[in-house]
Asker: 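I have a structure here, written as structure tokens, and I will follow up with some questions on it.
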Amino acid sequence: MHWADVIALNLSRRGTKHIVSTGITPSGEFHIGHLREILTGEMISRAAKDAGLEVDFIFIVDDADPLRRVYPFLDEEYSKYIGHQIGNIPAPNAEGKPDYERFNENGWNYADHFLNPFLDALKTIGVRPRIVKNLESYSSGMFSECSKIACDNADKIREIIERVSGRELSDSWFPWSPLDSSGSLEGVTVTGYDFPLVHFIDSKGNKGSSDITKGEGKLPWRIDWPAKWAWIGVTCEAFGKDHGASGGSYDTGKEICQLFGYDAPQPLVYEWISLKGKGAMSSSSGNTIGPMEALELVPPEILRFLIAESKPSKAIEFDAGMSLVNLADEYERSCARDLTLELSDESLSRRRKVQLEDLMGAVRLSSIERNSKSDSSNVSFRHLALLAQTKSNDQLVWDSLGLNSSNPPSSILIDRLEKMRTWIESPHFPEEMRIKIIKQAPVEMLQNFSDDEKLVLANLTEMLENCSWDLDTIASCIVDSAKSIEKSPRLAYGVSYICLMGAKKGPRLAPILVELNQQEIVNQFRLCLENVN
RNA sequence: GGGCCUGUAGCUUAGUCAGGUAGAGCGACGGACUCUUAAUCCGUCGGUCGCGGGUUCGAACCCCGUCAGGCCCGCCA
């Protein structure tokens, strides 16, 4: 059974109504690592719906979190906002400076600045969660009840965190972080509690009080999280392995949640996505691929497939080079198979059955719209990469695929071709996929030619020189150059590939040659002929 | 120091919860085809399941130890 279906099955044992939650702090540019958080949750939701459950899928935006430091993409001016809640400070402009104008005019804040493009990207991959903003939730009193319980039971919470995480909390620790008069959560020391007020002294020695029912501060993360579960009614949440480690925030949250009179949600821990050969994704080192950038290259259903086919516990190494080709082709191959039919075979081993079920689940969860047929283009990535490189315009590609006005290309295929062209232009496109005629064939390969191959090369050179330069003629020249000495055309193709591309195999030749200059090609063959002996 | 996750064919991996002769895809190799293009079709090769012990009639799976990579135990999501 697919991993998402396994979770759905567990959920069905707990009840029929569920709230599946995900959450991210928009403290900087999103990257595809964040996509795993959202997609994992979305796939669980979809699987749960498929299992007949009623599901609400939400995305909690942690815009109540403070700005931790001045990130490399920010101007030094942001240092004054350290400790301030990211939903309450201006967004950076192109130079990384705070954009006061937009902030004052229409409230364009730091969190939204990073969040909104991500939400757009989510739309294109078929993810439309209900958005819950933390800052709003605090100020509208959604956290009030849990905040009161937390403050009333500060000792119990302290005990749980110290025992479960094994770390010691300072004497001044309190389960509420008040905002000081300047709007900062940092350097504030709690001095007393008298519901609904938490009294404090800030870093400059100013005293003040924070009303916990009005969002004049927030719960620290380890309490904030279980409080969300409780007030929202979260029954399932997928989270990164950092939270999932034993003694981590899920473990403490699970117990703290009980104080709120709520059972912790069904957990699912997922691994990180890293960039192949470059280690973990990190915005500061520039070692990152944003969801938007990824979606320019990768068709959305294939990005989904990447997440769907990997078990959450497996680390994913993302790579926009050859791995992408293989991934996309595997998706196409899988779509083309009739997995239901294959599964109906009684003689299948249990193992084989499980494999087919998982694959079927992955394909099902990869389609952009739930319950739609798989978003297959029926053309392999490899094939499309060739067409995009050898055909100068889209119409020629459709012609080659046998598509015309009565049998037009699908919107998926049109989208694929557009992305393919972007990809080919990008530095991510793998060299081994790039079609290019080399200037000089490797002499070593030429000198290993058999007598037959030499003969074919001589034939071919002469035939190409004298033929008319069109598709059919070129093709028959190649075939005939071998047939004339009663050899398989394969031999002639092999010879041609070595001379033109330095490899034993290659893409179908005639359509490529016809785009090139006849005399240059002939000259190249002639040059090879001189080198064979 | 304490804990968690991962380690299976060249690559990606399934199988580990419920122990029963190691499964798959890709690649590679061989063959067919050159009449939709690195395609397609057919076939072959490929694994001491990180390592060492233990339990068992039987271990990739359970137990103990060990090595390697990653993560958490810093209010950090």
Asker: Work out how far the P atom of B:G23 is from that of B:G2, and round it to whole angstrom.
Answerer: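 It comes out at 39 Å once rounded to the nearest Å.
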Asker: Could you give the CD-to-P distance, from A:Gln355 to B:A14, as a whole number of Å?
Answerer: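 These atoms are roughly 10 Å apart.
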Asker: Using a heavy-atom cut-off of 4.0 Å across all strands, would you classify A:Asp65 as base, sugar-phosphate, or nothing?
Answerer: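 Contact class for A:Asp65: sugar-phosphate only.
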Asker: Starting at OH of A:Tyr250 and ending at C1' of B:C75, how long is that distance when rounded to a whole Å?
Answerer: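 Going from OH in A:Tyr250 over to C1' in B:C75 covers 20 Å.
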Asker: Roughly how far apart, to the nearest Å, are B:G65 and B:G30 at atom C1'?
Answerer: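 Pairwise C1' distance, B:G65 against B:G30, rounds to 46 Å.
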Asker: Using a heavy-atom cut-off of under 4.0 Å over every strand shown, decide if A:Trp225 touches base, sugar-phosphate, or nothing.
Answerer: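 Nothing: the residue A:Trp225, judged by heavy atoms under 4.0 Å, touches no strand.
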Asker: With A:Glu271 as reference, evaluate A:Lys311, A:Lys241, A:Arg36 under the salt bridge (Lys or Arg N to Asp or Glu O under 4.0 Å) test and give the passing residue.
Answerer: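 Single pass found, and it is A:Lys241.
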Asker: What is the distance, to the nearest angstrom, from the CD1 atom on A:Ile160 to the P atom on B:C73?
Answerer: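 That distance rounds to 18 Å.
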Asker: Can any side-chain N or O of A:Arg421 pair as donor or acceptor with the backbone N or O of A:Ala388 at less than 3.5 Å?
Answerer: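 Indeed, once roles are kept as given, a pair shorter than 3.5 Å links the two residues.
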Asker: Is a side-chain donor-acceptor pair under 3.5 Å present for A:Ser184 with A:Ser182?
Answerer: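 No, no side-chain donor-acceptor contact under 3.5 Å.
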Asker: Will you find, in the side chains of A:Ser249 and A:His243, an N or O donor that is under 3.5 Å from an N or O acceptor?
Answerer: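 Side chains of A:Ser249 and A:His243: pair found under 3.5 Å.
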Asker: Quick one: on RNA chain B, does A:Asp242 or A:Trp272 contact a more 5' nucleotide (nearest heavy atom)?
Answerer: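 Counting from the 5' end, the first nearest nucleotide belongs to A:Trp272.
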Asker: Can you tell me, in whole Å, how much space there is between the C1' of B:C45 and that of B:G10?
Answerer: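 It comes out at 12 Å once rounded to the nearest Å.
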Asker: Counting any heavy atom closer than 4.0 Å, what does A:Leu387 reach on the DNA or RNA strands: base, sugar-phosphate only, or nothing?
Answerer: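 The residue A:Leu387 makes base contact.
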Asker: Using a heavy-atom cut-off of under 4.0 Å over every strand shown, decide if A:Arg222 touches base, sugar-phosphate, or nothing.
Answerer: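 Base contact.
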Asker: Atom pairs under 3.5 Å, N or O on each side, protein against nucleotides 15-17 of chain B: can you list them with distances?
Answerer:
residue: B:G15; atom: OP2; partner: A:Lys311; partner atom: NZ; Å: 2.7

Asker: Across all strands shown, which nucleotide pairs with B:G58 by Watson-Crick or G-U wobble geometry, both distances under 3.5 Å?
Answerer: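 Matched B:G58 with nothing under the 3.5 Å cut-off.
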Asker: Can you check the distance between B:A77 and B:U16, where both ends of the measurement are the P atom (answer in whole Å)?
Answerer: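 36 Å, rounded to whole Å.
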Asker: Looking at A:Asn393 and A:Leu396, would you say the former's side chain and the latter's main chain have a donor-acceptor pair under 3.5 Å?
Answerer: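 Yes, the answer is positive, given that a donor and an acceptor are paired below the 3.5 Å cut-off.
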Asker: Does the A:Ser210 side chain pair with the main chain of A:Glu216, one donor and one acceptor, at a distance under 3.5 Å?
Answerer: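 Answer holds: yes.
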Asker: Kindly determine whether A:Trp3 and A:Tyr270 satisfy ring-ring contact (aromatic ring centres under 6.0 Å, His included), including the steps that lead there.
Answerer: CA-CA 11 Å; A:Trp3 56 262; A:Tyr270 62 84; 9.8 Å; no
